[in-house]
Amino acid sequence: RCGRATRLSQRKSSVTSRFPNHPDAERVSGGRRDLIAATFLFVCTAAFVLWQNGQVAILWDLGYLLDTSYRIALGQMPYRDFPLVHAPLTFLIQAAIIRVGGRVFLLQLAYAAAVGAVGTVLAWRIALRILGGSSAWGISVLLALPLVFLGIFGVYPHPIYDSDCGFAILAALFLLQRLDMGKPGFFRSWVFPLATGAAVVLPVFFKQNMGLPFLLAVAGGLVLLLAARAIWPAEVAIPEASTLLKVLGGMGLALVFAVA
């Protein structure tokens, strides 16, 4: 039993030394330090977006978004009752906010601040996962700090489809990075990869010229990973082929559901 444990430990050490971004090698930070960093990035980003809303007012773009969303909130159907040249999700989200909270612009400001802040935290976690190693935590925080001012709602601080699409892409990347993490089970084996595939499709319905290239890039990357898994099954630290296929299946199901 002791000999088997020693061999497993040596094997894990070999994997983490060859693949520093492998889940077993990502024992970086955790607990209180992560919570403090996430809270700091969230609060600073949200505060800057709110401040920026007091300095910038792009009235035509903002008025177009709010007017379209208000018409949807009243029950009109885009593409059927009035022309709309954009993907619908941003307008549907703002219409839902108007239906729930009324015509109060502070709700749109709060939405932009909250989503922008979460976007900065997601970008930090993505960078932390990519870097790996003992110094990854500090470097990732430094890389994320400019996003307090230049994040998805930092330049244009009002709700808009470009920023929503950027957030959806960050969320999809965050999920893709974690396909090979966690304990085996029904959720990790089926629900999580299928949901991740659906999340990859979501940016298309915020803005096509950002979401569609991202969707095609991820699909192509998954196919390449499947080929790598088939050619070098023991040499690559990537998720199992079944997991990659489930992500592709989730993407296909989401597209079929959206078209239907």
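Basis for what follows: all heavy atoms, side chains included, without hydrogens, waters or symmetry-related copies.
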Between side-chain atoms of residues 95-105 and protein atoms elsewhere (two or more places apart, or another chain), which donor-acceptor pairs fall under 3.5 Å?
unit_1 : atom_1 : unit_2 : atom_2 : d
R99    : NH1    : A73    : O      : 3.1

What are the two closest non-hydrogen atoms of A199 and P203, and how far apart are they? O-CD, 3.2 Å
Result block: side-chain N/O donor-acceptor pairs under 3.5 angstrom for residues 206-214, not counting sequence neighbours:
unit_1 : atom_1 : unit_2 : atom_2 : d
K207   : NZ     : D162   : OD2    : 2.3

Closest approach of R188 and D180, non-hydrogen atoms and distance? NH2-N, 4.5 Å
Roughly how far apart are L145 CG and L150 CG, rounded to 0.5 Å? 11.5 Å
Decide yes or no for Y111 and V115: does some side-chain heavy atom of the first lie under 4.5 Å from some side-chain heavy atom of the second? yes
With a 3.5 Å cut-off and sequence neighbours excluded, list the donor-acceptor pairs that the side chains of residues 242-260 form with protein atoms.
unit_1 : atom_1 : unit_2 : atom_2 : d
K246   : NZ     : S189   : O      : 2.7

Heavy atoms of L179 and P193 approach each other most closely as CD2-CA, 4.1 Å
Sequence neighbours left out, what pairs pass side-chain hydrogen bond (donor to acceptor under 3.5 Å, both in side chains) with at least one residue falling in residues 144-160? N53-H158
Does S140 have any side chain to side chain donor-acceptor pair (under 3.5 Å) partners at least two apart in sequence or in another chain, and if so, which? W124
With L92, which residues qualify under side chain to side chain contact (heavy atoms under 4.5 Å, CB included), at least two apart? I72, P88, L89
Shortest non-hydrogen contact between R178 and R125, atoms and distance: NH2-O, 3.7 Å
Is W60 reachable from L65 through a run of hydrophobic residues whose side-chain heavy atoms are each under 4.5 Å from the next? yes
Between the CZ atom in F149 and the CG atom in L147, the distance rounded to the nearest 0.5 Å is 10.5 Å
Would you say V121 ends up clustered with I36 if hydrophobic residues are merged whenever their side chains have heavy atoms under 4.5 Å apart, either directly or through other cluster members? no
For ring pair (Phe, Tyr, Trp, His ring centres under 6.0 Å), just list the numbers for H86 and Y64, CA-CA rounded to whole Å, side-chain angles, deciding distance to a tenth of an Å, and then say yes or no. CA-CA 12 Å; H86 302 287; Y64 170 71; 5.7 Å; yes
Enumerate the residue pairs fulfilling salt bridge (charged side-chain N to carboxylate O under 4.0 Å, His left out) with a member in residues 77-97, sequence neighbours excluded, ordered by first and then second residue. none
Please identify each residue that fulfils side chain to side chain contact (heavy atoms under 4.5 Å, CB included) with V191, with sequence neighbours left out. F186, F187
Please give me the minimum heavy-atom distance between A228 and I238, naming the atom from each residue. CB-CD1, 4.5 Å
Under a 4.5 Å side-chain heavy-atom rule over Ile, Leu, Val, Met, Phe, Trp and Tyr, are L59 and F153 clustered together? no
dist R229:CZ -> L222:CG (nearest 0.5 Å) comes out at 13.0 Å
Between side-chain atoms of residues 44-52 and protein atoms elsewhere (two or more places apart, or another chain), which donor-acceptor pairs fall under 3.5 Å?
unit_1 : atom_1 : unit_2 : atom_2 : d
T45    : OG1    : L41    : O      : 2.7
T45    : OG1    : T120   : OG1    : 3.2
Q52    : NE2    : G154   : O      : 3.0
Q52    : NE2    : V155   : O      : 3.4

How would you list, by chain and number, every residue that makes a side chain to side chain donor-acceptor pair (under 3.5 Å) with T90, sequence neighbours excluded? D164
Check whether any side-chain heavy atom of M77 sits under 4.5 Å from a side-chain heavy atom of R71, and report yes or no. no
Say whether F91 and Y70 are linked into one hydrophobic cluster, either directly or through other cluster members, by side-chain heavy-atom distances under 4.5 angstrom. no
Mind checking what makes side chain to side chain contact (heavy atoms under 4.5 Å, CB included) contact with I126, not counting sequence neighbours? I130, L170, L173, F174, Q177
Sequence neighbours excluded, the answer for side chain to side chain contact (heavy atoms under 4.5 Å, CB included) partners of V118 is F42, L122, F167
